[in-house]
Chemist: 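Structure in structure tokens, see below.
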Amino acid sequence: MLTMENIVREGHPALREIAEPLSFPLSEEDLTLANEMMEFLENSQDPEISEEMGLRAGVGLAAPQLAVKKRMIALLIPGEYEDDPPELQEVMVNPRIVSHSVEDICLKDGEGCLSVDRDVPGYVVRHSRITLSYQDVTGKTFKKRFKGYPAIVLQHEIDHLNGVMFYDHINQESPMALDEDVKILG
Ligand SMILES: O=CN(O)CCNC(=O)c1cccc(Cl)c1Cl
Ligand code: NI
């Protein structure tokens with residue numbers, strides 16, 4: 001079971017390297033990794049378990065955050081209301097953005113990262129819509145379109161596979177500066 005101790009923090013080389021694609025069939029080790037990453041997200045979003053284990057909540061996780069330089073990400077984006085099913089619950093292998101909107105988007109309150117133990121204020125500008133090609137843990141290939149919050153989270157996770165941190169996208173001179181046609185998601 002993964003805890004915060006398994007998550008490497010900024011300064012660890014794994015966060016600034018390019019992760020390697022996985023080949024199929026996945027090894028037992030890689031299948032276990034996929035399950036543990038999803039379990040961590042579920043635990044991190046459970047009020048009792050997260051309290052007990054001292055977990056910071058996350059809606060996504062990338063293998064390099066566990067010092068595993070493989071192109072695997074897990075997403076657990078809750079539904080709008082408490083009892084709704086998740087908006088997105090998926091482990092994606094070798095995800096690749098095949099196309100994206102011209103339009104950009106950002107979250108009103110910026111982004112956070114389990115590998116960053118500090119608040120870094122500022123707008124993180126991302127594509128508002130993406131078409132993603134990826135494989136599931138069985139190797140089946142999918143091509144799906146995402147927009148809004150799921151698209152933002154997916155780009156945050158795919159950045160981790162390419163050694164990019166969310167604050168790399170923030171305008172250092174003026175973190176709250178924003179081009180007029182960037183959509184702000186509240
Ligand atoms: O890489 C994944 N993490 O670091 C998990 C913690 N961060 C979040 O859940 C988070 C919070 C706000 C905006 C975005 Cl886009 C994300 Cl991803
Ligand atoms: Ni992160």
Side-chain angles (χ1 to χ4, degrees), residues 1-19 33-34 36-47 49-51 53-80 86-95 97 100-101 103-130 132 134 146-170 175-176 178 182-186:
M1 181 179 265
L2 296 176
T3 70
M4 291 304 295
E5 263 135 60
N6 298 104
I7 294 179
V8 299
R9 311 301 155 91
E10 45 185 341
H12 191 289
L15 292 173
R16 286 304 194 182
E17 287 170 20
I18 306 291
L33 175 68
E36 289 190 330
M37 287 170 70
M38 185 56 72
E39 182 193 49
F40 176 90
L41 294 179
E42 289 164 343
N43 290 343
S44 81
Q45 294 178 20
D46 181 296
I49 300 174
S50 59
E51 163 82 23
M53 295 180 67
L55 304 182
R56 265 182 66 191
V59 291
L61 192 64
Q65 294 183 275
L66 305 167
V68 176
K69 294 178 237 178
K70 294 180 178 178
R71 302 186 80 78
M72 180 186 287
I73 62 176
L75 295 304
L76 182 55
I77 299 177
E80 193 167 356
E87 182 169 5
L88 178 61
Q89 178 161 20
E90 196 115 37
V91 172
M92 298 181 177
V93 176
N94 305 327
I97 295 174
H100 62 78
S101 58
E103 186 184 71
D104 287 337
I105 194 171
C106 66
L107 291 175
K108 179 173 64 64
D109 299 332
E111 297 183 11
C113 184
L114 292 178
S115 299
V116 180
D117 293 329
R118 61 195 170 99
D119 281 340
V120 185
Y123 290 128
V124 181
V125 177
R126 298 190 183 277
H127 309 307
S128 68
R129 293 179 299 282
I130 58 173
L132 203 55
Y134 66 93
F146 298 89
K147 64 181 182 340
Y149 187 57
I152 290 172
V153 175
L154 280 160
Q155 290 171 79
H156 178 117
E157 302 315 328
I158 292 168
D159 269 355
H160 277 307
L161 304 181
N162 298 320
V164 175
M165 301 293 280
F166 74 89
Y167 47 71
D168 297 343
H169 299 284
I170 294 175
M176 302 301 176
L178 208 53
V182 177
K183 247 175 73 178
I184 301 180
L185 197 59

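Sequence positions, counted from 1, serve as the residue numbers for this chain. We count ligands from 1, going down the list as the structure has it; atoms in each ligand are counted the same way. Keep in mind that what you see is a predicted model, and the values were worked out from it rather than measured.
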Chemist: Checking the N or O distance criterion of under 3.5 Å, is ligand 1 in contact with Tyr149?
Modeler: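 Between Tyr149 and ligand 1, no N or O pair is found under 3.5 Å apart.
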Chemist: Out of Ser44, Gly110, Gly60, who is nearest to atom 5 (C) of ligand 1 when you count heavy atoms only?
Modeler: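 Nearest option to atom 5 (C) of ligand 1, by heavy atoms: Gly60.
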Chemist: Looking at atom 1 (O) of ligand 1, what's its closest protein heavy atom, distance included?
Modeler: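 The protein heavy atom lying closest is Glu157 OE1, 2.9 Å.
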Chemist: Nearest non-hydrogen atom to atom 4 (O) of ligand 1 belongs to which of Ile73, Ile158, Val116, Leu114?
Modeler: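 That would be Leu114.
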Chemist: Determine yes or no for a side-chain-to-main-chain donor-acceptor pair under 3.5 angstrom, with Gln155 supplying the side chain and Ala151 the backbone.
Modeler: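 Here the side-chain-to-backbone pair exists.
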Chemist: Near Ile152, which atoms of ligand 1 are under 4.0 Å from a heavy atom of that residue?
Modeler: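 Reading through ligand 1 atom by atom, the close ones are 15 (Cl).
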Chemist: Going from CG on Leu161 to CG on Asn94, what distance comes out if it is rounded to the nearest 0.5 angstrom?
Modeler: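 The CG atom of Asn94 is 9.0 Å from CG of Leu161, to the nearest 0.5 Å.
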Chemist: Using the Ni ion (ligand 2) as the apex, give the angle to atoms NE2 (His160) and NE2 (His156), rounded to 10 degrees.
Modeler: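 My answer is 100°, to the nearest 10°.
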Chemist: Has the side chain of Ser115 got a donor or acceptor atom that lies under 3.5 Å from a matching backbone atom of Glu10?
Modeler: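 No; judged by distance alone, with no hydrogens or angles, the pair does not exist.
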Chemist: Are the side chain of Arg126 and the backbone of Leu107 linked by a donor-acceptor contact shorter than 3.5 Å?
Modeler: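 The answer is no, because no donor-acceptor pair under 3.5 Å joins these two groups.
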Chemist: Ignoring hydrogens and angles, tell me if any N or O in the side chain of Arg129 forms a donor-acceptor pair with the backbone of Lys147 under 3.5 Å.
Modeler: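 Looks like no, no N/O pair under 3.5 Å.
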Chemist: Any idea which protein heavy atom is nearest atom 9 (O) of ligand 1, and the distance to it?
Modeler: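 Here the closest protein heavy atom is Val59 N, 3.0 Å.
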Chemist: Tell me whether Gln65 reaches ligand 1 (any heavy atom closer than 4.0 angstrom to a ligand atom).
Modeler: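 In this structure, Gln65 qualifies as a contact of ligand 1 - some heavy atom is under 4.0 Å.
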Chemist: Side chains of Glu90 and Tyr134: donor-acceptor distance under 3.5 Å anywhere?
Modeler: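 Yes, because at least one side-chain N or O of Glu90 sits under 3.5 Å from a partner of the opposite role on Tyr134.
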Chemist: Check for a donor-acceptor pair, side chain of Gln45 on one end and backbone N or O of Gly58 on the other, with a separation under 3.5 Å.
Modeler: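 Yes, the answer is positive, given that a donor and an acceptor are paired below the 3.5 Å cut-off.
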Chemist: Is the backbone of Val116 close enough, under 3.5 Å, to the side chain of Arg118 for a donor and an acceptor to pair up by distance?
Modeler: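 No.
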Chemist: Answer side chain, backbone, both or neither: which part of Gln155 comes under 4.0 Å from ligand 1, heavy atoms only.
Modeler: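 Neither; nothing of Gln155 gets under 4.0 Å from ligand 1.
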Chemist: Enumerate the atoms of ligand 1 whose separation from the nearest heavy atom of Leu107 is less than 4.0 angstrom.
Modeler: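 With Leu107 as reference, the close atoms of ligand 1 come out as 13 (C).
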Chemist: Identify which of Ala151, Gly112, Cys113 has a heavy atom lying nearest to atom 11 (C) of ligand 1.
Modeler: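 Nearest option to atom 11 (C) of ligand 1, by heavy atoms: Gly112.
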Chemist: With backbone taken as N, CA, C and O and side chain as the heavy atoms from C-beta onward, which portion of His160 lies under 4.0 Å from ligand 1: side chain, backbone, both, or neither?
Modeler: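 Within the 4.0 Å criterion, His160 contacts ligand 1 through side-chain atoms alone.
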